[in-house]
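Written out below as structure tokens is the structure these notes cover.
Just the heavy atoms: all of them, side chains too, but no hydrogens, waters or symmetry mates, feed the values below. Convention: sequence-line order gives letters A, B, ...; per-chain numbering from 1.
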Protein chains: 2
Amino acid sequence: MGLPLEDIPELHDTQTYTLLRKGDALFKQGMSFTGLFLVRSGSLKQVSTTNTDESLVTAYAMPGDLVGLDAIGQNVYPGTALALETTTVSELPQERLSELGAQLPALRQQLCRNLSQEVHNERLMLRLLLRRTAEARLAYFFVAISERFRRRGYSPSRFRLALSRSDISSYLGLTVETVSRTLARFHRQELLTSRGRDFHILDWEGLVRLAEASGRRSGA
Amino acid sequence: MGLPLEDIPELHDTQTYTLLRKGDALFKQGMSFTGLFLVRSGSLKQVSTTNTDESLVTAYAMPGDLVGLDAIGQNVYPGTALALETTTVSELPQERLSELGAQLPALRQQLCRNLSQEVHNERLMLRLLLRRTAEARLAYFFVAISERFRRRGYSPSRFRLALSRSDISSYLGLTVETVSRTLARFHRQELLTSRGRDFHILDWEGLVRLAEASGRRSGA
DNA sequence: CGCGTCGTTGAATAGTTTCAATTCTGGTGG
DNA sequence: CCACCAGAATTGAAACTATTCAACGACGCG
């Protein structure tokens with residue numbers, strides 16, 4: 001998520017808004033694909049449950065993000081989208097997407113571009129995270145989130161993340177305890193302070209440095 | 001990679017074959033996108049170098065696979081494709097793809113589907129690997145590779161992987177030593193034997209069991 | 001106000017990396 | 001054809017990082 005697809009004005013002419021309360025599901029894993037959703041306010045997390053009963057937080061969507069892109073492939077939503085707070089979304093039904101796609105080849109192309117971009121982002125980011133320490137993973141996470149806030153016009157240094165610690169740990173493949181301890185260390189090093197779900201980035205440079213270093217000795 | 005896009009017959013009507021010798025680059029990271037490639041024989045790895053000079057093996061392509069899908073987004077190849085052995089590929093130039101896309105809406109749609117599918121696969125697989133032990137990662141890797149060989153009509157239990165140990169370790173986010181030790185353990189447990197780059201799966205069930213377990217205590 | 005969930009902290013343990021030393025292998029040139 | 005070499009793969013021991021288990025404090029909601 002975090003796609004620059006919102007540039008396409010046609011996607012914004014929608015009247016159908018939906019209001020979700022905290023904990024409501026926008027769609028559930030396994031439901032057949034009916035359309036994409038554009039987040040207007042609030043935020044959502046996407047949770048995928050594997051065949052081994054693990055449930056993983058696989059995406060986080062904030063206002064301006066499109067939700068449901070990964071459902072196009074199988075025509076089925078591959079995870080459940082849960083509102084993390086009071087949230088409004090507008091729907092882009094499948095039929096309307098096809099219509100628009102027929103009228104505007106550019107739209108279809110842009111959609112492909114975005115998907116392709118995502119393939120690459122995820123491949124690289126996750127593979128990068130795979131060989132990084134908890135410290136580097138969290139630093140990377142906050143740098144990325146902060147940039148998303150900035151691009152959306154919010155403050156990049158102070159923000160509220162509706163995700164719980166346990167959501168964050170799931171997203172990064174760590175345990176809650178490790179996330180908590182690492183945040184405490186960041187606080188001590190005056191990189192980033194947090195009170196509950198409010199975060200305040202103090203030392204952007206320092207975070208970026210940690211995020212780019214693997215946290216391990218050899219730079220390979 | 002490993003996409004079921006080869007079902008589209010139009011993609012196969014190509015005369016331009018290219019021969020690559022071991023170590024040759026099909027394209028290099030940063031080159032602007034000129035088209036996709038279909039692997040006819042041999043195999044390739046895709047290596048992406050990050051801004052921090054790490055180079056990661058991000059994909060492995062065998063006969064029947066499409067290479068270059070992740071270049072569509074930025075119009076630039078996001079990694080270097082290197083032949084692991086003598087390899088032949090046929091090119092699907094960008095112009096031809098657009099032509100075909102205009103004639104056959106189904107093709108464009110299928111391409112989107114494949115991309116969307118990949119987004120989901122990578123998200124889930126890598127996030128799964130993120131919280132798994134080396135043992136589970138390798139088991140998962142061999143199960144996945146074996147299934148790819150089976151789908152392509154090769155033996156799923158005996159195969160030659162042109163990837164070096166170091167390529168595998170990079171792909172899975174481990175060190176060479178850990179891969180080596182874990183393979184040795186698999187051998188002792190009579191799950192999988194290997195001599196150099198030839199592998200022989202002895203106990204499919206056992207491998208699947210390891211791949212699905214996280215390798216950690218809590219099943220969360 | 002109490003209860004449950006979320007978040008934090010501590011100590012012991014398990015798993016991976018690191019560094020160093022060999023062994024094995026495939027390709028090359030004599 | 002064989003010996004040799006360099007890179008690849010393996011193995012061992014020590015250092016380090018994250019997880020596990022357990023206990024406790026904080027917060028929000030009914």
Checking B:D167 against B:S170 for the side-chain hydrogen bond (donor to acceptor under 3.5 Å, both in side chains) test, could you report, in this order, the C-alpha distance in whole Å, the side-chain angles of both residues, the deciding distance, and whether it holds? CA-CA 5 Å; B:D167 290 331; B:S170 168; over 6 Å; no
If I take atom CG in residue A:L163 and atom P in nucleotide C:dC6, what distance separates them, rounded to the nearest angstrom? 13 Å
On the nucleotide C:dT16, are OP1 or OP2 found under 4.0 Å from the side-chain N or O atoms that B:T178 carries? no
Protein-nucleotide distance (A:R131, atom CZ; D:dT17, atom P), rounded to Å: 16 Å
Select one nucleotide: of D:dC21, C:dG7, C:dG15, the one nearest the side-chain heavy atoms of B:R216. C:dG15
So B:Y60 and B:I145, side chain to side chain contact (heavy atoms under 4.5 Å, CB included) or not? Walk me through it. CA-CA 10 Å; B:Y60 171 69; B:I145 287 285; 4.0 Å; yes
How many whole angstroms separate atom CG of A:L84 from atom P of D:dG28? 17 Å
Would you mind reading off the distance between B:L174 atom CG and D:dT17 atom P, rounded to a whole angstrom? 17 Å
Whole angstrom value for the distance that separates C1' of D:dT17 from CG of B:L130: 15 Å
State whether the distance check finds a donor on one side and an acceptor on the other, under 3.5 Å, for side chain A:R181 versus base D:dT20. yes
Salt bridge (Lys or Arg N to Asp or Glu O under 4.0 Å) partner of B:D65, the single match among B:R40, B:K45, B:R151, B:R152: B:R152
Using a cut-off of 4.0 Å on non-hydrogen atoms, how would the nucleic acid contact of A:S164 be classed: base, sugar-phosphate, or nothing? sugar-phosphate
Upstream residue (5' side of DNA chain D) when B:R188 and A:R137 are each assigned their closest nucleotide: B:R188
Ignoring the backbone of B:A134, work out which of C:dT16, D:dT11, C:dT9 is nearest its side chain. C:dT16
Separation of D:dG7 atom P from B:D167 atom CG, nearest Å, is 16 Å
Out of D:dA22, C:dA20, D:dA9, whichever nucleotide has its closest atom nearest the side chain of B:E177: C:dA20
Do B:E85 and B:R160 meet the salt-bridge criterion of a basic N to acidic O distance under 4.0 Å? no
Supply the atom-to-atom distance A:D203 CG to A:L192 CG, rounded to the nearest 0.5 angstrom. 10.0 Å
Base C:dT17 paired with A:R132 side chain (donor-acceptor, <3.5 Å): no
Scan B:L183 against the nucleic acid and name what it touches under 4.0 Å (heavy atoms): base, sugar-phosphate only, or nothing. nothing
Given D:dT20, C:dT16, C:dT18, identify the nucleotide with an atom nearest to the side chain of A:T175. D:dT20
Expressed as a whole number of angstroms, how long is the span from A:D198:CG to D:dG28:P? 10 Å
Crowded around B:R158 CZ? As in, over 12 foreign heavy atoms under 6.0 Å? no
Of the candidates C:dT9, C:dG15, C:dG7, the side chain of A:R165 sits closest to C:dG7
State which of D:dT19, C:dT18, C:dT8 makes the closest approach to the side chain of A:V176. C:dT8
Whole angstrom is fine here: how far is it from CG in B:L172 over to P in C:dT17? 11 Å
OP1, OP2 of C:dT25 versus side-chain N and O of B:R195: anything below 4.0 Å? yes
I want to verify a distance call: between D:dT11, C:dT17, C:dG7, whose nearest atom is closest to the A:R197 side chain? C:dG7
